[in-house]
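Computed from a predicted structure; not experimentally measured.
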Amino acid sequence: MALRALRPVVHSITNPVAISLAAGVLQAVGARPVMAQAPEELEEIVRGAAAVTINIGMPTAERAETMRLAAGLAHRHGRPWVLDPVGVGGSAYRRALAHTLIAERPAVIRANADEILVLAEIDRPLGGIGIDAETSADSALPAARALARRTGAVVAVTGTVDHLTDGVQFCAIANGHPMMTRVSGLGCALSCLVGAALAVETDPLAATVLALSLLGIAGEVAAETAPGPGSLPAAIVDALYALDRPTLERKAQLR
Amino acid sequence: MALRALRPVVHSITNPVAISLAAGVLQAVGARPVMAQAPEELEEIVRGAAAVTINIGMPTAERAETMRLAAGLAHRHGRPWVLDPVGVGGSAYRRALAHTLIAERPAVIRANADEILVLAEIDRPLGGIGIDAETSADSALPAARALARRTGAVVAVTGTVDHLTDGVQFCAIANGHPMMTRVSGLGCALSCLVGAALAVETDPLAATVLALSLLGIAGEVAAETAPGPGSLPAAIVDALYALDRPTLERKAQLR
Amino acid sequence: MALRALRPVVHSITNPVAISLAAGVLQAVGARPVMAQAPEELEEIVRGAAAVTINIGMPTAERAETMRLAAGLAHRHGRPWVLDPVGVGGSAYRRALAHTLIAERPAVIRANADEILVLAEIDRPLGGIGIDAETSADSALPAARALARRTGAVVAVTGTVDHLTDGVQFCAIANGHPMMTRVSGLGCALSCLVGAALAVETDPLAATVLALSLLGIAGEVAAETAPGPGSLPAAIVDALYALDRPTLERKAQLR
């Protein structure tokens with residue numbers, strides 16, 4: 001696949017829970033992860049990257065400043081970037097951070113249904129601060145469309161079935177395996193994979209479909225042998241590494 | 001088990017070595033891990049959690065401040081919390097931090113024998129700053145009892161055999177496998193699991209027995225197939241995910 | 001092996017991507033990892049350690065200050081220390097940091113060819129900021145020799161074949177497996193393993209040969225069963241744990 005030939009550098013700012021898995025997922029598909037976060041080196045790093053991904057999980061004042069700088073640099077230098085608003089419903093601090101970042105025009109926002117509902121400011125009782133969605137992805141579709149129209153980003157709501165929209169077109173992907181919801185940091189790694197896809201596919205909707213299909217199918221393959229959520233992440237990285245175009249096309253469940 | 005039905009949110013402040021494994025262990029038993037550490041969001045996070053766990057490993061000035069705030073918030077809002085005083089013998093800085101945290105009344109202190117001896121301020125030559133105990137758990141029993149009486153916490157001294165006390169009652173658990181001592185961050189993950197147990201079991205001694213039994217038995221099951229300490233953590237998470245009440249009751253080695 | 005008998009404490013400052021794997025690798029060979037990074041405790045930690053390793057990946061202002069302090073303390077207290085200049089070509093910030101650290105006289109510098117070329121200030125077009133070398137290790141040999149002579153350190157350039165020099169003697173190691181280049185943090189873990197070897201072997205060249213052979217052979221053994229780069233790191237840790245002196249001597253490909 002193009003990723004393996006081009007080996008794009010993907011600059012990812014992500015949380016400590018997910019960082020190792022995210023780097024592994026990026027390397028498995030041929031991308032070259034760079035996880036830099038010092039303001040002093042951000043301009044060089046962002047300019048040297050083909051895409052940027054920003055995950056607001058476990059924010060600190062220092063990392064939030066890095067996120068704001070990186071989003072601004074990506075916007076200014078024309079690097080497509082992905083926002084992953086992890087746990088945005090959990091605190092006012094994360095909501096404010098996410099809204100500041102959205103002003104720098106992410107190409108893609110990848111989140112679960114609860115997070116999309118919060119970002120779209122749809123009024124509803126929040127379901128808690130856990131990192132996994134309580135809400136099915138399709139119930140967040142109107143919010144996703146509103147968010148996509150307001151921000152210009154492709155919005156991907158991932159869940160049992162993933163739903164994507166650029167505000168006009170819609171697409172659903174039914175790949176994946178239920179055990180994937182028990183793997184910490186897998187959603188964060190998926191957002192990094194969207195960044196890798198953006199580096200080789202200029203249409204953000206097509207890039208997001210590619211990344212979500214890749215991880216979903218890798219999850220299905222991995223779940224055939226992994227006995228539980230502990231061994232699943234390594235098996236997913238193995239499956240991504242082995243995945244070829246024919247398998248991708250045969251197994252993709254696009255609607 | 002109750003954890004799988006209730007899916008409690010457990011807020012864990014832990015060190016970067018252990019954070020991914022800790023999140024995996026929590027998710028495997030059905031808990032929802034939140035690893036937030038920004039002072040700006042701590043009050044919302046702690047109030048939204050059923051229990052809090054604080055691990056002093058790899059402290060920084062910033063994370064130490066977060067620990068103090070989180071312990072205070074947990075105490076004030078009535079959330080049971082677990083202290084894991086990793087490497088407390090290694091520096092005066094960690095000793096001071098641990099003592100400040102203890103003033104906020106943890107429900108449980110989980111540590112190895114060396115760490116308990118340091119916390120209890122029993123005068124002895126310190127065995128070094130490594131993260132694994134040189135001292136057997138039962139030799140720290142008098143220190144554990146003194147510490148439990150002084151602090152009001154259940155004190156769990158883990159080792160080949162785990163020893164627990166609330167200052168009056170005593171209990172020993174003989175589950176586990178020697179290879180577990182070679183897995184970085186497993187003790188830290190165990191402290192997070194105690195937090196999950198506190199969320200569903202109000203008696204701290206019973207909760208600690210539950211968590212230590214769960215991890216010990218999962219370690220035994222995992223060691224049947226894992227060829228070494230590299231593959232053991234994933235196998236432990238798999239085993240925790242599959243563990244049911246009958247297996248727990250059949251394999252538990254309580255005294 | 002001596003590591004298993006002596007169980008040396010190795011103080012490692014490394015990046016968040018690699019930290020868990022680095023700790024696992026150290027524990028697998030019998031070393032006791034300590035990952036402390038607070039300036040307040042560094043003197044006690046460095047003095048209690050047999051060796052120190054410093055990895056400049058993902059620097060922050062805070063961690064860079066810790067690195068400078070730790071390198072100075074290691075130098076002053078006579079603890080051998082290893083420099084891993086991850087991504088030093090990626091930013092002026094990392095180059096300045098690496099040069100400051102080198103002034104504290106590392107015993108060993110372990111890096112890929114691109115990083116060695118940058119450190120040696122050989123004028124060439126830089127190949128990008130990715131974390132894996134684009135350049136073969138032997139093409140960096142003149143730079144490695146110059147760097148070794150200037151700094152007094154053993155310089156190890158790792159790649160398909162690893163090349164080592166103290167500025168006078170040369171040595172090559174042909175162990176390892178291509179899939180190892182796709183494992184995030186494995187080079188960083190290797191630098192920590194060099195630290196462990198320095199704790200039991202006073203000659204830095206011999207210690208580096210030992211560490212590189214250990215990891216290369218463990219990688220070969222692991223690749224026999226691991227189906228991809230996701231399961232490879234755990235298999236490497238398993239193989240390190242099981243590796244004995246006869247296997248090491250039989251499989252070592254030294255030149």
Side-chain angles (χ1 to χ4, degrees), chain B residues 14-24 56-65 86-97 114 126-134 178-189 222-223 225-237, chain C residues 4 7-50 58 60 62-63 65-66 218 221-222 225-226 230-243:
Chain B
T14 193
N15 64 73
V17 176
I19 194 166
S20 178
L21 179 58
I56 69 165
M58 287 186 68
T60 60
E62 187 186 43
R63 195 128 35 82
E65 177 60 15
V86 174
V88 69
S91 73
Y93 182 64
R94 293 195 199 199
R95 279 192 293 284
L97 176 57
D114 282 338
L126 296 177
I129 61 171
I131 55 169
D132 53 315
E134 297 294 307
M179 209 158 60
M180 296 170 81
T181 62
R182 291 295 174 95
V183 177
S184 292
L186 194 55
C188 309
T225 57
S231 46
L232 193 63
I236 287 174
V237 171
Chain C
R4 286 185 192 130
R7 308 219 56 209
V9 172
V10 178
H11 176 217
S12 291
I13 299 169
T14 193
N15 65 74
V17 176
I19 195 166
S20 178
L21 179 57
V25 160
L26 286 171
Q27 287 206 278
V29 297
R32 290 182 292 174
V34 176
M35 268 48 188
Q37 56 180 20
E40 292 87 343
E41 63 177 356
L42 274 186
E43 178 139 19
E44 281 167 279
I45 299 289
V46 169
R47 294 183 72 169
M58 287 185 70
T60 60
E62 186 186 44
R63 195 129 34 81
E65 177 60 16
T66 295
V221 172
T225 55
S231 46
L232 193 63
I236 287 174
V237 172
D238 288 348
L240 280 172
Y241 181 70
L243 204 57

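- Note that CD of C/Gln27 and CZ of B/Arg182 are 7.5 Å apart. Values are rounded to the nearest 0.5 Å.
- Contact detail for B/Pro227 and C/Asp238: the closest heavy-atom pair is CG-OD2, 3.4 Å.
- When all heavy atoms of C/Tyr241 and B/Gly228 are compared, the closest pair comes out as CD2-CA, 4.3 Å.
- Contact tally against chain C (heavy-atom pairs below 4.5 Å) for B/Met179, B/Arg63, B/Glu62: the top residue is B/Met179.
- Comparing C/Ala242, C/Ala222, C/Ala234 by heavy-atom pairs within less than 4.5 Å of chain B, the highest count is held by C/Ala234.
- Here the shortest heavy-atom pairing between B/Arg94 and C/Ala36 reads NH2-CB, 3.5 Å.
- Contact annotation for residues 11-20 of chain C against chain B (heavy-atom separation below 4.5 Å, listed by residue number): C/Ile19, C/Ser20.
- Applying the side chain to side chain contact (heavy atoms under 4.5 Å, CB included) test to C/Ala226 and every residue at least two apart in sequence or in another chain returns C/Ser231, C/Leu232, C/Ala235.
- Between C/Glu41 atom CD and B/Arg95 atom CZ the span is 10.0 Å, to the nearest 0.5 Å.
- Among all heavy-atom pairs drawn from B/Ser184 and C/Gly24, the shortest one is OG-N, 3.8 Å.
- Residues C/Glu40 and B/Ala61 share a closest heavy-atom pair of OE2-CB, 4.2 Å.
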